[in-house]
Amino acid sequence: MKKNALFGLILLLVSCGEAPAPDKPNIIILYVDDLGYGDIGVNGATAVQTPNIDRLAAGGLNFTDAHSTAATCTPSRYALLTGEHGFRSNLDIVDGDASALIRPGKPTLPSMLKKAGYSTAVIGKWHLGLGDGVVDWNKEVKPGPREIGFDYSFLMPSTGDRVPSVYLENHTIIGLDPNDPIAVSYGEKVGSRPTGRERPDLLRYQADDQHSDTIINGVSRIGTMAGGEAALWLDEEFVDIFTGKARDFIRGNKDDPFFLFYSFHDIHVPRLPNPRFIGKTDMGPRGDAIAQMDWVVGEITAELEMLGLAENTLILFTSDNGPVLNDGYSDQAVERLGNHKPAGIYKGGKYSAFEAGTRMPTIIHWPGTVDAGVSEALISQVDLYASLAAMLGVEIADGEAVDSLNVVDALLGRSETARDYIIEESVVTLSLRKGNWKYIAPTSPQGNERAQWVAIDKAIEGGFTAQAQLYNLAEDPTEQNNIANDHPELVQEMSQKLAELRISGFRN
Ligand code: NG6
Ligand code: CA
């Protein structure tokens with residue numbers, strides 16, 4: 001053997017012996033929709049079994065104070081993907097025909113990861129708008145994920161309860177017959193399909209007025225849709241179709257570093273799990289949808305293991321906003337809840353300013369690199385961008401991901417502390433956390449166009465108070481005692497800090 005070859009071999013052996021952390025792990029975000037803190041076994045659920053998620057937690061780091069940026073989907077997803085709070089762009093839950101919210105040219109988590117050499121994909125729910133102006137679903141639909149850093153996309157364009165009820169792969173609706181073009185309207189009814197208002201007898205679930213437009217697969221949706229009969233989805237097939245696409249992407253990229261944003265439809269409404277999950281719990285469709293979602297987690301982790309990628313893959317399991325029971329359809333979620341506590345001990349839920357709105361089940365799993373355990377670090381999903389950039393040595397420019405802080409040490413379990421402050425956004429107000437202090441900014445329904453939400457979910461009642469609210473979560477984690485009057489200086493300080501951060505961004 002030549003001398004330098006021998007030297008090379010020795011170097012190789014030495015480096016193998018040290019088992020260095022892989023410097024470019026695959027990254028998978030398992031982003032569940034509307035899953036509450038207490039909806040998984042490891043956080044206390046017993047009425048539904050989540051063995052696959054519990055296994056991730058047993059081998060990974062389970063966070064107890066990790067937050068989505070908002071208590072609804074669109075702003076949370078926007079912040080996760082841009083490192084910037086949704087309220088900076090006045091984001092709200094968008095209709096299914098909204099234009100692309102993340103404009104081409106805007107730096108994003110996937111475009112940052114592409115700089116580090118990653119192949120990137122988004123599979124599942126999008127709900128961040130597509131196209132420009134009036135979308136023609138029969139042509140190429142763009143801009144969308146492909147124009148902002150994703151190499152591949154396979155989407156539910158908006159939400160399960162909104163039209164169009166079809167799959168979009170890259171720029172194209174799957175299975176569309178050109179002789180049966182799609183039209184979508186969130187105003188005047190289009191097409192001859194009956195709506196829920198016209199034919200309530202055809203419905204599998206009774207729906208509120210908002211969810212009473214075009215009936216597809218026996219469920220009335222938000223918005224009307226004509227045409228596209230051959231392309232319509234069957235809700236019961238989401239689980240296998242999206243999981244299959246994830247498997248294909250992982251297999252096809254097993255030799256490169258890849259980033260997969262796996263964005264679940266579950267456990268959002270309408271909840272129509274595949275028949276093989278029906279009856280897995282006594283809680284009806286909501287519980288069964290959790291069991292279905294857990295199965296997907298098991299399929300994806302099994303795929304990684306089969307390909308020998310488990311040790312080289314960082315998985316973040318989390319949710320976009322807190323839990324909700326009846327979100328427009330009568331699907332027995334309230335009636336059959338029993339003792340299950342979707343938000344654990346926390347108050348509120350989806351839409352709400354209270355903790356359950358944004359405190360998310362959150363697990364990081366990266367065997368060999370992240371030690372198993374529990375972390376109480378205060379973290380926000382908006383930080384993923386800067387933290388992964390730091391880990392991968394990608395520089396972030398001024399004005400890029402302005403709210404994202406590098407908390408990689410906390411994410412990987414090397415530090416128990418992360419942020420001093422986070423902002424939590426409800427549908428009607430903003431809150432500031434400073435350690436265990438929580439300040440909820442006062443707001444009034446008068447002149448607030450979002451006042452309609454109060455009628456929708458009483459969990460957000462606390463959002464509208466003329467008085468500032470202050471809670472000490474160390475002593476009062478369930479936000480029972482508003483102690484703002486006892487701490488006027490702290491209220492003043494936190495209200496001022498929130499006002500500053502609203503304008504400046506966290507990194508400036
Ligand atoms: C609301 C819908 C709700 C759900 C939510 C979006 C009504 C009355 N409610 O507008 O059912 O679709 O939007 O959920 O229309 S999220 O998880 O995507 O934010
Ligand atoms: Ca959601």
Side-chain angles (χ1 to χ4, degrees), residues 29-37 39 67-81 86-87 91-98 101 124-130 155-165 186 195-197 205-214 219-224 235 238 261-272 285-286 289-290 293 318-331 333-334 342-343 348-352 356-361 381 424-428 449-460:
I29 303 179
L30 298 174
Y31 210 53
V32 189
D33 201 350
D34 297 0
L35 187 74
Y37 185 86
D39 276 326
H67 294 256
S68 57
T69 60
T72 51
C73 158
T74 303
S76 280
R77 285 155 200 263
Y78 182 90
L80 178 76
L81 292 179
F87 63 76
L91 291 192
D92 207 340
I93 297 168
V94 288
D95 280 341
D97 61 352
L101 292 174
K125 168 173 168 174
W126 184 238
H127 207 192
L128 285 166
L130 291 160
L155 304 179
M156 158 186 287
S158 176
T159 64
D161 56 353
R162 286 173 176 73
V163 296
S165 304
Y186 278 74
T195 65
R197 272 174 226 101
Y205 291 134
Q206 271 191 338
D208 64 14
D209 188 57
Q210 191 84 6
H211 292 80
S212 286
D213 294 330
T214 299
V219 176
S220 50
R221 318 273 164 166
I222 308 177
T224 64
D235 309 67
F238 289 154
F261 177 38
Y262 188 87
S263 174
F264 286 82
H265 156 70
D266 282 324
I267 58 167
H268 198 279
V269 296
R271 303 178 184 118
L272 296 161
R286 186 176 184 277
I290 297 174
M293 177 276 296
T318 190
S319 171
D320 68 338
N321 55 250
V324 57
L325 297 177
N326 187 330
D327 205 14
Y329 299 99
S330 306
D331 65 2
V334 177
K350 181 173 181 175
Y351 311 121
S352 164
T358 62
R359 196 184 284 236
M360 295 295 98
Q381 290 174 8
E424 302 174 10
E425 179 182 348
S426 81
V427 289
V428 293
E449 61 191 40
R450 293 172 174 179
Q452 47 155 328
W453 287 100
V454 172
I456 296 170
D457 193 311
K458 68 180 188 335
I460 65 169

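Counting starts at 1 for both ligands and their atoms, in listed order.
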| query | Are Y31 and F261 close enough that their ring centres sit under 6.0 Å apart? | reply | yes
| said: So, using salt bridge (Lys or Arg N to Asp or Glu O under 4.0 Å) as the criterion, who are the partners of D95 when residues are at least two apart? | reply: none
| query | ligand 1 versus R77, non-hydrogen atoms closer than 4.0 Å: side chain, backbone, both, neither? | reply | neither
| said: Heavy atoms only, cut-off 4.0 Å: how does Y351 contact ligand 1, side chain, backbone, both, or neither? | reply: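 Side chain only.
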Atoms of ligand 1 close to [X] [distance to a heavy atom under 4.0 angstrom, numbered from 1]:
X: K125; answer: 16 (S), 17 (O), 18 (O)
X: N321; answer: 17 (O)
X: H127; answer: 18 (O)
X: D33; answer: 17 (O)
X: I93; answer: 5 (C), 6 (C), 13 (O), 19 (O)
X: C73; answer: 16 (S), 17 (O), 18 (O), 19 (O)
X: D327; answer: 3 (C), 4 (C), 11 (O)
X: I222; answer: 15 (O)

Is there a nitrogen or oxygen of [X] sitting under 3.5 Å from a nitrogen or oxygen of ligand 1?
X: T74; result: no
X: D34; result: yes
X: D208; result: no
X: V269; result: no

Please confirm whether the backbone N or O of [Y] pairs with a side-chain atom of [X], one donor and one acceptor, at under 3.5 Å?
X: R221; Y: V219; answer: yes
X: S263; Y: K125; answer: yes
X: T195; Y: D213; answer: no
X: T224; Y: T214; answer: no
X: S352; Y: A71; answer: no
X: Y78; Y: L128; answer: no
X: Y186; Y: V163; answer: yes

| Counting no waters, what protein N/O/S atoms lie under 3.0 Å from the Ca ion (ligand 2)? | D33 OD1, D34 OD1, D320 OD1, D320 OD2, N321 OD1
| For atom 15 (O) of ligand 1, which candidate among K350, H268, Q210, R221 provides the closest heavy atom? | Q210
Are [X] and [Y] within salt-bridge range, i.e. N to O under 4.0 Å?
X: R197; Y: D209; value: yes
X: K350; Y: D33; value: no
X: D331; Y: R286; value: no

| query | Of all residues at least two apart in sequence or in a different chain, which pass the side chain to side chain donor-acceptor pair (under 3.5 Å) check with T318? | reply |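 Checked T318 against side chain to side chain donor-acceptor pair (under 3.5 Å); matches are T362, Q381.
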| field | All side chain to side chain donor-acceptor pair (under 3.5 Å) counterparts of N321, not counting sequence neighbours | value |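 N321 satisfies side chain to side chain donor-acceptor pair (under 3.5 Å) with D34 only.
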| field | G328 to ligand 1, any heavy atom closer than 4.0 Å | value |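 No heavy atom of G328 comes that close to ligand 1.
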